[in-house]
Visitor: 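Sending over a structure as structure tokens; questions will come in a sec.
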Amino acid sequence: MSGEAMTPEEIMPLFEAAKWAPSSYNNQPWRILYARRGTAHWEKFLGLLGEGNRQWAQHGAVLLVFVSKTTFDHNGKPSVTHSFDTGAAWENLALQGSRKGWVIHGMEGFDFARAKKELNVPDGFNVEAMAVIGKPGRKETLSADMQAREKPSDRRKVAESFFEGAFPQA
């Protein structure tokens, strides 16, 4: 990523796309906490990342933390699909950002417990994932190690991931 900042006007269409994701009972359990480069929140969000993610995410424009509400608003009962529904919001956001030409990358490599505590995530909400958004940069600015690590990988064959009927026995 280039390290260029994003304006609120550039970020909001991504949040608008996330808003339209489907969810059980239209509960919309997702909450997205974010920090823009150059703001007071940036270093706190960046500090949550593991070293490998921090090395290149530091050149992003926005860091996101996806959070999901674990119960339904209409009856207070547990929502089994809160994570799945929040994932749909993430996908909408990622597709919109990609369509706009941004680099969008989801991450698991961060301290979930610290994120919950330091970002004041209340009980009844799960921290799900982080993501970074940025304008494309030049891959030559990454170390050789980082370039090798970030190369696209092969995908699993369709026959290894999709099964009609029950899960196959080993």
Side-chain angles (χ1 to χ4, degrees), residues 1-21 23 27-71 79 81-143 145-153:
M1 287 172 264
S2 70
E4 295 174 66
M6 285 177 74
T7 66
E9 294 77 25
E10 291 172 309
I11 299 166
M12 287 304 141
L14 280 64
F15 294 152
E16 181 70 23
K19 177 182 94 169
W20 289 101
S23 62
N27 196 55
Q28 303 169 33
W30 51 84
R31 306 298 188 271
I32 303 172
L33 310 174
Y34 69 99
R36 290 182 300 121
R37 166 178 289 294
T39 66
H41 306 292
W42 179 258
E43 288 302 321
K44 180 181 280 191
F45 278 62
L46 192 63
L48 297 170
L49 293 170
E51 183 57 33
N53 282 330
R54 192 178 315 123
Q55 283 182 32
W56 63 270
Q58 68 185 336
H59 301 294
V62 182
L63 289 166
L64 310 168
V65 175
F66 287 83
V67 176
S68 66
K69 186 171 189 249
T70 62
T71 58
S79 169
T81 61
H82 62 89
S83 294
F84 182 79
D85 295 346
T86 300
W90 146 248
E91 180 69 6
N92 278 14
L93 183 146
L95 288 171
Q96 181 67 21
S98 179
R99 184 171 180 248
K100 295 283 189 183
W102 300 98
V103 175
I104 315 286
H105 184 78
M107 298 174 284
E108 173 186 11
F110 70 98
D111 191 321
F112 285 73
R114 276 188 50 224
K116 185 165 177 84
K117 181 179 180 187
E118 292 180 19
L119 301 177
N120 301 319
V121 176
D123 290 341
F125 288 83
N126 281 356
V127 173
E128 300 288 350
M130 282 188 75
V132 61
I133 305 169
K135 294 183 180 180
R138 296 176 332 130
K139 75 176 187 178
E140 296 79 25
T141 62
L142 294 173
S143 67
D145 177 54
M146 291 295 289
Q147 287 183 47
R149 192 181 89 173
E150 297 302 323
K151 284 180 15 182
S153 59

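The structure presented is a predicted model; accordingly, all values stated were derived computationally and were not measured.
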Visitor: In Å, rounded to the nearest 0.5 Å, how long is the span from CH2 of Trp30 to CZ of Phe15?
Guide: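 Between Trp30 CH2 and Phe15 CZ, I get 13.5 Å after rounding to 0.5 Å.
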Visitor: Looking at Lys69, is its backbone amide N or carbonyl O close enough to the side chain of Arg31 to form a donor-acceptor pair, meaning the two atoms are under 3.5 Å apart?
Guide: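 No, the answer is negative, given that no donor and acceptor are paired below the 3.5 Å cut-off.
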Visitor: Please find the pair of heavy atoms, one from Trp90 and one from His105, that lie closest to each other, and give the distance.
Guide: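 Looking at all heavy atoms of both residues, the closest pair is CH2-C, 4.0 Å.
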Visitor: Do Leu93 and Leu64 touch side chain to side chain, with heavy atoms closer than 4.5 Å?
Guide: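 Yes, at least one pair of side-chain atoms sits under 4.5 Å.
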Visitor: Flag yes if more than 12 heavy atoms outside Glu51 fall under 6.0 Å of its CD atom; otherwise flag no.
Guide: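 Yes - once you tally the heavy atoms of other residues, nucleotides and ligands closer than 6.0 Å, there are more than 12.
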Visitor: Using every non-hydrogen atom in the two residues, find where Met1 and Ile133 come nearest and quote the distance to one decimal.
Guide: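 Closest heavy-atom pair between Met1 and Ile133: SD-C, 3.9 Å.
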Visitor: Any donor-acceptor pair under 3.5 Å linking the side chain of Asp111 with the backbone of Ala113?
Guide: yes
Visitor: For Gly134, is there any backbone N or O sitting under 3.5 Å from a side-chain donor or acceptor partner on Arg37?
Guide: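 Checked: no pair found.
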Visitor: Is there a side-chain contact between Leu48 and Leu119 (heavy atoms, below 4.5 Å)?
Guide: yes
Visitor: Do other residues, nucleotides or ligands put more than 12 heavy atoms under 6.0 Å from the NE2 atom of His41?
Guide: no
Visitor: How many angstroms lie between CG in Asn27 and OG1 in Thr81, if you round to the nearest 0.5 Å?
Guide: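 These two atoms lie 8.5 Å from each other.
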Visitor: Less than 3.5 Å apart, any donor N or O on the side chain of Glu128 or Ser83 sitting next to an acceptor on the other?
Guide: yes
Visitor: For residues Ile32 and Phe66, report the shortest heavy-atom separation together with the two atoms involved.
Guide: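 That would be CD1-CE2, 3.6 Å.
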